[in-house]
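Each residue takes its place number in the sequence, starting with 1. The figures that follow rest on heavy atoms only: side chains count, while hydrogens, waters and symmetry mates do not.
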Amino acid sequence: MPRITIVTRGGEERELEGRTGWTVMETIREAGIDELLALCGGCCSCATCHVHVDEEWTDKLRPMKGDEDDLLDTSGHRTATSRLSCQLLLTPELEGLRVTIAPED
């Protein structure tokens with residue numbers, strides 16, 4: 001089970017044990033971190049699970065698809081490392097992944 005670090009909007013770091021096959025969004029919600037709204041429940045139809053991935057991890061993630069890219073364009077807080085956490089599937093290779101919850105739009 002890959003362990004990941006989540007940084008909240010307030011700067012608190014939480015190390016979470018994820019489940020292979022779950023998304024980063026599911027892991028965050030399961031941990032009770034409710035500042036990540038994820039209103040669509042992981043269907044990639046909103047951008048309320050927006051996170052900033054630490055730069056060292058961006059090349060290790062699956063490439064972004066068009067829907068995710070379009071949704072991130074609606075955020076005023078998009079950066080080069082922005083991703084939707086519902087699209088980040090946990091695998092053993094992502095052990096140590098670190099993401100910061102993006103500011104709310």
Does the side chain of Leu16 reach to within under 4.5 Å of the side chain of Ile33, using non-hydrogen atoms?
yes
Crowding at CD, Glu35 (>12 non-hydrogen neighbours, <6.0 Å):
yes
Measuring only between side-chain heavy atoms, which start at C-beta, is Val24 closer than 4.5 Å to Val53?
no
Verdict with supporting geometry, Val51 and Ile6, side-chain contact (heavy atoms from CB on, under 4.5 Å)
CA-CA 9 Å; Val51 295; Ile6 306 301; over 6 Å; no
Show, in sequence, the C-alpha distance, side-chain angles and deciding distance for Leu72 and Met64, and conclude whether the side-chain contact (heavy atoms from CB on, under 4.5 Å) test is met.
CA-CA 10 Å; Leu72 285 167; Met64 186 182 306; 3.8 Å; yes
To the nearest 0.5 Å, what is the distance between CG (Asp54) and OG1 (Thr58)?
9.5 Å
What are the two closest non-hydrogen atoms of Arg9 and Ala102, and how far apart are they?
NE-O, 2.7 Å
Specify the closest pair of heavy atoms between Trp57 and Leu94, including all atoms of both residues, with the distance to one decimal.
CZ3-CA, 3.9 Å
Assess the residue pair Arg98 and Glu13 against the criterion (salt bridge (charged side-chain N to carboxylate O under 4.0 Å, His left out)); give the C-alpha distance rounded to whole Å, side-chain angles, the decisive distance to 0.1 Å, and a yes or no.
CA-CA 9 Å; Arg98 181 181 164 94; Glu13 291 189 24; 3.0 Å; yes
Looking at Leu89 and Gly21, what are the two nearest heavy atoms and their distance?
CD1-O, 3.0 Å
Return the CZ to CG distance between Arg29 and Asp34, rounded to the nearest 0.5 Å.
10.0 Å
For residues Leu97 and Pro2, determine if any side-chain heavy atom of one lies less than 4.5 Å from a side-chain heavy atom of the other.
no
How close do Glu95 and Met1 get, heavy atom to heavy atom, and via which atoms?
OE1-O, 3.6 Å
Gly42 to Gln87 - nearest heavy-atom pair and separation
O-NE2, 4.2 Å
Is Leu90 reachable from Met25 through a run of hydrophobic residues whose side-chain heavy atoms are each under 4.5 Å from the next?
yes
What is the distance from atom OG of Ser45 to atom CG of Asp67, rounded to the nearest 0.5 Å?
9.5 Å
Quick one: does any side-chain atom of Thr27 pair with a main-chain N or O of Thr23 as donor and acceptor, under 3.5 Å?
yes
Determine whether Cys40 and Thr48 make a side-chain contact, defined as any pair of heavy atoms from C-beta on separated by less than 4.5 Å.
no
For Arg83 and Arg62, the nearest pair of non-hydrogen atoms, with its separation, is NH1-O, 2.9 Å
Any chain of hydrophobic side-chain contacts (each under 4.5 Å) joining Ile28 to Leu71?
no
Which is it for Ile4 and Val99 under the side-chain contact (heavy atoms from CB on, under 4.5 Å) test, yes or no, and what are the steps along the way?
CA-CA 8 Å; Ile4 62 174; Val99 302; 5.8 Å; no
Dump the intermediate steps for side-chain contact (heavy atoms from CB on, under 4.5 Å) on Ser85 and Leu36, then the final yes or no.
CA-CA 9 Å; Ser85 61; Leu36 188 92; 3.7 Å; yes
Starting from the C-alpha separation in whole Å, work towards a yes-or-no answer on salt bridge (charged side-chain N to carboxylate O under 4.0 Å, His left out) for Arg78 and Asp105.
CA-CA 10 Å; Arg78 184 174 187 169; Asp105 280 312; over 6 Å; no
Tell me if the NZ atom of Lys60 is crowded by more than 12 foreign heavy atoms within 6.0 Å.
yes
Does His77 reach the main-chain N or O of His52 with its side chain, forming a donor-acceptor pair under 3.5 Å?
no
Gap separating the CG atom of Asp70 from the SG atom of Cys44, nearest 0.5 angstrom:
9.0 Å
